[in-house]
There are 2 protein chains.
Amino acid sequence: MNMKAYRCAVEVTIEVAGGKWKPLIIHYLLSGTKRFGELQRLIGGVTQRSLTLQLRELESHGMVNRVVYAEVPPRVEYSLTELGRTLAPTLVAMREWGENYMARREAEQQ
Amino acid sequence: MNMKAYRCAVEVTIEVAGGKWKPLIIHYLLSGTKRFGELQRLIGGVTQRSLTLQLRELESHGMVNRVVYAEVPPRVEYSLTELGRTLAPTLVAMREWGENYMARREAEQQ
DNA sequence: CTGTATCCTGGGCGATACTG
DNA sequence: CAGTATCGCCCAGGATACAG
């Protein structure tokens with residue numbers, strides 16, 4: 001995995017922050033620390049299993065901090081690391097592009 | 001597909017320009033028009049089938065122009081539409097982030 | 001509430017062969 | 001050269017049940 005030769009650094013970004021859920025997770029964490037259930041509600045349509053797996057991957061890549069509070073009921077808070085926060089410009093660019101794209105498509109349909 | 005309600009415009013960008021190959025295709029097309037085989041060599045590891053499918057999808061979303069020259073041997077050239085070119089900042093941000101990420105990871109390993 | 005543990009399915013994708 | 005046409009594998013991810 002580490003020895004993989006990349007032709008283009010874009011691939012690295014895709015591996016670390018790409019896929020169906022990771023960009024969304026990061027995007028929502030950009031606005032602050034979130035609990036597990038909060039994230040699940042915000043994202044919508046993601047199963048517990050998938051959200052857990054994606055969060056663990058983000059954690060292992062140093063993108064996300066996971067803090068467990070020894071309480072009942074349990075509380076787990078996720079937040080972006082400094083490294084994770086460096087993705088902000090990219091994610092914002094993606095959101096703005098998506099908004100712009102939708103606007104264009106709507107304008108064309110008439 | 002069109003009626004799908006998005007919680008966040010980031011999802012739109014992922015659908016139109018996300019996945020394993022599309023960002024790479026767009027990224028390489030940013031530096032100019034490319035022939036099919038050229039793209040395949042640049043990207044590396046993508047099969048004809050997958051490249052074809054991804055290019056068709058990009059075309060259907062208005063991201064890519066496909067021009068067929070009636071020659072023997074055949075020549076097909078792909079280029080970004082104006083809309084496709086609007087992804088440039090995002091793609092560049094992704095590449096730069098990937099480079100930065102690799103540099104950090106290397107620095108940490110010592 | 002925040003997870004694991006199983007089971008299962010779709011479809012993304014590669015491998016391969018063939019064609020205009 | 002730039003594709004189609006098939007086939008088949010794999011595994012991401014959903015559904016569900018259970019646990020600390």
Side-chain angles (χ1 to χ4, degrees), chain A residues 1 4-7 10-11 13-26 28-29 32-61 63-79, chain B residues 1 4-8 10-11 14-26 28-29 32-61 64-80:
Chain A
M1 190 64 84
K4 193 156 163 192
Y6 295 102
R7 304 226 171 188
V10 167
E11 298 176 66
T13 308
I14 295 172
E15 268 204 25
V16 174
K20 192 173 178 182
W21 304 116
K22 291 208 199 88
L24 285 171
I25 294 172
I26 297 169
Y28 285 118
L29 288 182
T33 298
K34 298 275 182 299
R35 297 182 59 169
F36 183 88
E38 228 175 328
L39 270 178
Q40 195 178 10
R41 253 177 293 112
L42 283 170
I43 294 174
V46 63
T47 60
Q48 285 185 333
R49 172 194 155 84
S50 295
L51 184 53
T52 301
L53 288 173
Q54 299 304 306
L55 282 168
R56 292 290 185 280
E57 249 177 75
L58 286 170
E59 204 187 344
S60 77
H61 284 122
M63 307 294 295
V64 157
N65 285 134
R66 178 171 180 265
V67 179
V68 183
Y69 294 87
E71 305 175 352
V72 176
R75 180 162 55 109
V76 181
E77 291 190 341
Y78 293 93
S79 58
Chain B
M1 189 65 86
K4 193 157 164 191
Y6 296 102
R7 301 225 173 190
C8 171
V10 166
E11 298 177 65
I14 294 172
E15 267 203 27
V16 174
K20 191 172 178 181
W21 303 117
K22 291 207 198 90
L24 285 171
I25 295 172
I26 297 168
Y28 285 118
L29 287 182
T33 297
K34 298 274 181 300
R35 297 183 59 170
F36 184 88
E38 228 175 329
L39 270 178
Q40 195 177 10
R41 254 178 293 111
L42 283 170
I43 295 175
V46 63
T47 60
Q48 285 186 331
R49 173 194 156 81
S50 294
L51 184 54
T52 301
L53 288 174
Q54 299 304 306
L55 282 168
R56 291 289 185 283
E57 249 178 76
L58 286 170
E59 205 188 343
S60 77
H61 284 122
V64 157
N65 284 134
R66 177 172 181 266
V67 180
V68 182
Y69 293 88
E71 305 174 354
V72 175
R75 180 160 55 108
V76 180
E77 292 190 341
Y78 292 94
S79 59
L80 291 178

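Throughout, protein chains are lettered first and strands after them, A, B, ... in sequence-line order, and every chain is numbered starting at 1.
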Only pairs at least two apart or in different chains count here, so list each salt bridge (Lys or Arg N to Asp or Glu O under 4.0 Å) that has a residue in residues 67-77 of chain B. B:E71-B:R75, B:R75-B:E77
Round to a whole Å and report the spacing from CD1 of A:I43 to P of C:dT2. 13 Å
CZ of A:R35 to CZ of A:R41, rounded to nearest 0.5 Å, is 9.0 Å
Going by the rule side-chain hydrogen bond (donor to acceptor under 3.5 Å, both in side chains), which residues pair with A:T47 if we only count those two or more places apart in sequence or in a different chain? A:S50
Does C:dG3 have its OP1 or OP2 closer than 4.0 Å to a side-chain nitrogen or oxygen of A:R66? yes
Kindly calculate the angle separating the two end axes of the helix from C:dC1-D:dG20 to C:dG20-D:dC1, each obtained from five base pairs, and round it to 10 degrees. 50°
So, taking the atom named NZ in B:K34 and the one named CG in B:L55, what distance separates them when rounded to the nearest 0.5 Å? 12.5 Å
side-chain hydrogen bond (donor to acceptor under 3.5 Å, both in side chains) partners for A:S79, two or more places apart: none
Phosphate contact (C:dG12 OP1 or OP2) by A:K20 side-chain N/O below 4.0 Å: no
Residue whose closest nucleotide on DNA chain C lies nearer the 5' end, B:S50 versus A:Q48: A:Q48
Is A:R56 close enough to C:dT2 that one of its side-chain N or O atoms is under 4.0 Å from OP1 or OP2 there? no
Chain A reaches DNA chain D, atoms under 4.0 Å from its heavy atoms, from D:dG13 to D:dG20
Name the pairs: protein N/O against N/O of nucleotides 5-9 of chain C, kept only if under 3.5 Å.
residue	atom	partner	partner atom	Å
C:dT6	O4	A:R49	NH1	3.4

Looking for any heavy atom pair under 4.0 Å, which part of the strands does A:E57 touch: base, sugar-phosphate only, or nothing? nothing
How many Å lie between CZ on B:F36 and P on C:dT19, as a whole number? 18 Å
Under the side chain to side chain contact (heavy atoms under 4.5 Å, CB included) rule, collect the residues that match up with A:I14, sequence neighbours excluded. A:V10, B:P23, B:M94
CG of B:L39 to CD of B:Q54, rounded to nearest 0.5 Å, is 12.0 Å
Do B:V64 and B:I26 touch side chain to side chain, with heavy atoms closer than 4.5 Å? no
May I ask you to list the residues of residues 67-77 of chain B, by number, that have any heavy atom positioned under 4.0 Å from an atom of DNA chain C? B:P74
Can you tell me the distance, in whole Å, between the CH2 atom of B:W21 and the P atom of C:dC13? 9 Å
Qualifying salt bridge (Lys or Arg N to Asp or Glu O under 4.0 Å) pairs with a residue from residues 46-60 of chain B, counting only residues at least two apart or across chains: B:K22-B:E57
In whole angstroms, how far is the P atom of C:dT2 from the CD1 atom of A:I25? 14 Å
Spacing between A:L51 atom CG and C:dT4 atom P, to the nearest angstrom: 11 Å
May I have the distance from A:Q40 (atom CD) to C:dT4 (atom P), rounded to whole angstrom? 13 Å
Contacts of A:K20 that satisfy side-chain hydrogen bond (donor to acceptor under 3.5 Å, both in side chains) - sequence neighbours left out: none
OH-CG distance between A:Y78 and A:N65, expressed to the nearest 0.5 angstrom: 11.0 Å
Applying a 4.0 Å non-hydrogen cut-off, can you work out what B:Q54 is touching in the nucleic acid: base, sugar-phosphate, or nothing? sugar-phosphate
Check side chain to side chain contact (heavy atoms under 4.5 Å, CB included) between A:I43 and all other residues, then give those that pass, not counting sequence neighbours. A:W21, A:L24, A:I25, A:Y28, A:V46, A:L51
Who passes side chain to side chain contact (heavy atoms under 4.5 Å, CB included) against B:V68, sequence neighbours left out? B:R66, B:V76
